[in-house]
Novice: 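Please read through the structure below; I'll follow up with questions.
Just so you know, residue 1 is the first one in the sequence shown, and it goes up from there.
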Amino acid sequence: MSTEELSTTSYAILGLLSVKPWTTYELAKQMDRALGLFWPRARSHLYAEPKRLVALGLATAKRENTGQRPRTVYSITRKGRRALSTWVPEPGAGPTLEAELLVKVFFAEHGSRDDLLATLRSMRAWVEDHAVASGSPSQEYLEGRGAYPERLPWLVLVGRFLDEFESMVDRWAAWAIAEVEQWPEDLVGAEPDWAVLKEMAAHGAALSKRAQTRR
């Protein structure tokens, strides 16, 4: 095997191993806590991936006992650090949006106005539940309780993106609810918001112009 076979998840695990050694169980917890908001992956993959990294010479595995229970602790190797340092500077793919709720909105004509409003309200509930599930890592760092504070400068960069994404979803859902509440019960008779459509067209044109100047 070669490093060409590594996925983004592979490098994410290498990144966590560069912080400290972990067991696969600890890695899974860290992936959920630290990267789960923007790189969710099935636990089954996370349990298999460290073994691949060992086979590639990018990590080592050490068997040890905690009381009567054996466990395997994985650590990054020099080769693993070199691979990570090569991968991080390379351009990465942009965000990929996956939202079943938006699919339901897209085909809203197959339901009622109340159905659509319920979907939009569940979008706002998702934001609230997400915030509760995430806890308050920002407050933990402000109080000096955050893990690995030496990594905080770039953690804030990622955290700000996630915070603004949640705020955007919340603002959009609030606007969409207010919009749909003005529509007739029969969605076939709904009128589009032409002013918003013009704003979207202008924004798209501005981004297209900026892209052309970059080239």
Side-chain angles (χ1 to χ4, degrees), residues 1-100 126-127 129-166:
M1 291 188 290
S2 69
T3 54
E4 294 179 359
E5 298 179 41
L6 296 184
S7 65
T8 303
T9 299
S10 307
Y11 286 109
I13 291 176
L14 276 179
L16 289 175
L17 292 178
S18 74
V19 177
K20 60 166 286 189
W22 308 91
T23 65
T24 48
Y25 174 74
E26 291 168 336
L27 281 170
K29 287 184 64 177
Q30 283 298 312
M31 285 289 282
D32 285 345
R33 183 177 186 276
L35 290 90
L37 294 177
F38 54 94
W39 196 255
R41 283 297 177 264
R43 280 179 175 264
S44 59
H45 292 175
L46 296 180
Y47 281 100
E49 196 60 39
K51 296 177 181 178
R52 293 185 66 240
L53 297 178
V54 171
L56 288 167
L58 304 176
T60 60
K62 180 181 178 182
R63 295 279 292 179
E64 56 183 49
N65 290 317
T66 302
Q68 298 296 318
R69 298 182 60 184
R71 67 177 195 165
T72 302
V73 178
Y74 293 89
S75 302
I76 194 170
T77 62
R78 289 183 180 179
K79 182 180 178 182
R81 290 185 183 277
R82 289 197 300 271
L84 192 60
S85 296
T86 299
W87 175 78
V88 167
E90 295 174 349
T96 300
L97 179 61
E98 181 178 303
E100 184 184 28
W126 173 85
V127 174
D129 293 342
H130 216 243
V132 172
S134 301
S136 55
S138 299
Q139 188 62 37
E140 290 177 6
Y141 281 107
L142 289 173
E143 296 173 358
R145 298 185 291 111
Y148 312 108
E150 70 279 4
R151 307 185 68 243
L152 189 56
W154 41 97
L155 296 182
V156 170
L157 296 180
V158 174
R160 181 63 181 271
F161 176 93
L162 297 173
D163 183 67
E164 293 201 1
F165 177 76
E166 288 186 354

Novice: Working to the nearest 0.5 angstrom, can you tell me the gap between Leu162 CG and Ser134 OG?
Specialist: 8.0 Å

Novice: Starting at CG of Leu27, measure out to CE of Met31 and round the result to the nearest 0.5 Å.
Specialist: 8.5 Å

Novice: Tell me, do Val54 and Thr60 make a side-chain contact under 4.5 Å, heavy atoms counted?
Specialist: no

Novice: Give, for atom OH of Tyr11 and atom CG of Leu58, the distance between the pair rounded to the nearest 0.5 Å.
Specialist: 7.5 Å

Novice: With rounding to the nearest 0.5 Å, note down the distance linking CG in Leu14 to OG1 in Thr9.
Specialist: 11.0 Å

Novice: Please examine the side chains of Tyr74 and Leu53, heavy atoms only from C-beta on, and report whether any two atoms are closer than 4.5 Å.
Specialist: no

Novice: More than 12 non-hydrogen atoms from neighbouring residues, nucleotides or ligands closer than 6.0 Å to OH on Tyr47, yes or no?
Specialist: yes

Novice: Under a 4.0 Å threshold between the charged nitrogen and the carboxylate oxygen, would Lys20 count as salt-bridged to Glu150?
Specialist: no

Novice: Is Glu100 atom CD crowded by more than 12 heavy atoms from other residues, nucleotides or ligands, each under 6.0 Å away?
Specialist: no

Novice: Should we say atom CZ of Arg69 is surrounded by more than 12 heavy atoms from elsewhere, each under 6.0 Å from it?
Specialist: no

Novice: For Glu143 and Gln139, which I'm curious about, is there any donor-acceptor pair between the side chains at under 3.5 Å?
Specialist: yes

Novice: Working note: Leu17 + Leu84, criterion side-chain contact (heavy atoms from CB on, under 4.5 Å); need CA distance, chi angles, decisive distance, verdict.
Specialist: CA-CA 10 Å; Leu17 292 178; Leu84 192 60; over 6 Å; no

Novice: Please give me the minimum heavy-atom distance between Arg81 and Ser18, naming the atom from each residue.
Specialist: NH2-O, 3.5 Å

Novice: Cut-off 3.5 Å, side chains only: do Trp39 and Thr8 have a donor facing an acceptor?
Specialist: no

Novice: Look at the side chain of Ser85 and the backbone N and O of Arg82, then say whether any donor-acceptor pair between them is shorter than 3.5 Å.
Specialist: no

Novice: Could you tell me whether Arg71 and Glu26 make a salt bridge, using a distance below 4.0 angstrom between a side-chain N and a carboxylate O?
Specialist: yes

Novice: Roughly how far, to the nearest 0.5 Å, is the CG atom of Asp163 from the CG atom of Leu37?
Specialist: 11.0 Å

Novice: Looking at Thr72 and Ala61, what are the two nearest heavy atoms and their distance?
Specialist: CG2-CB, 3.7 Å

Novice: Is a side-chain N or O of Tyr141 found less than 3.5 angstrom from the main chain of Ala147, in a donor-acceptor match?
Specialist: yes

Novice: If you compare all heavy atoms of Leu35 against all heavy atoms of Ala12, which two are closest, and at what distance to 0.1 Å?
Specialist: CD2-CB, 3.9 Å

Novice: Taking the side chain as everything from C-beta on, heavy atoms only, tell me whether Pro70 gets closer than 4.5 Å to Arg63.
Specialist: yes

Novice: Give a yes or no answer on whether the side chain of Trp22 reaches the backbone of Leu16 with a donor-acceptor pair at less than 3.5 Å.
Specialist: yes

Novice: Any sub-3.5 Å donor-acceptor pair from Thr23's side-chain atoms to Val73's backbone N or O?
Specialist: no

Novice: Does the pair Arg52/Glu49 count as a salt bridge with the N-to-O cut at 4.0 Å?
Specialist: yes

Novice: Quick check: does any side chain N or O of Thr77 sit under 3.5 Å from a backbone N or O of Gly57, one acting as donor and the other as acceptor?
Specialist: yes

Novice: Aromatic rings Phe165 and Trp126: how do their planes relate, parallel, tilted or perpendicular, breaks at 30° and 60°?
Specialist: perpendicular

Novice: Using every non-hydrogen atom in the two residues, find where Pro149 and Pro153 come nearest and quote the distance to one decimal.
Specialist: O-CD, 4.4 Å

Novice: For atom OH of Tyr25, is the number of surrounding heavy atoms from other residues, nucleotides or ligands below 6.0 Å larger than 12?
Specialist: no

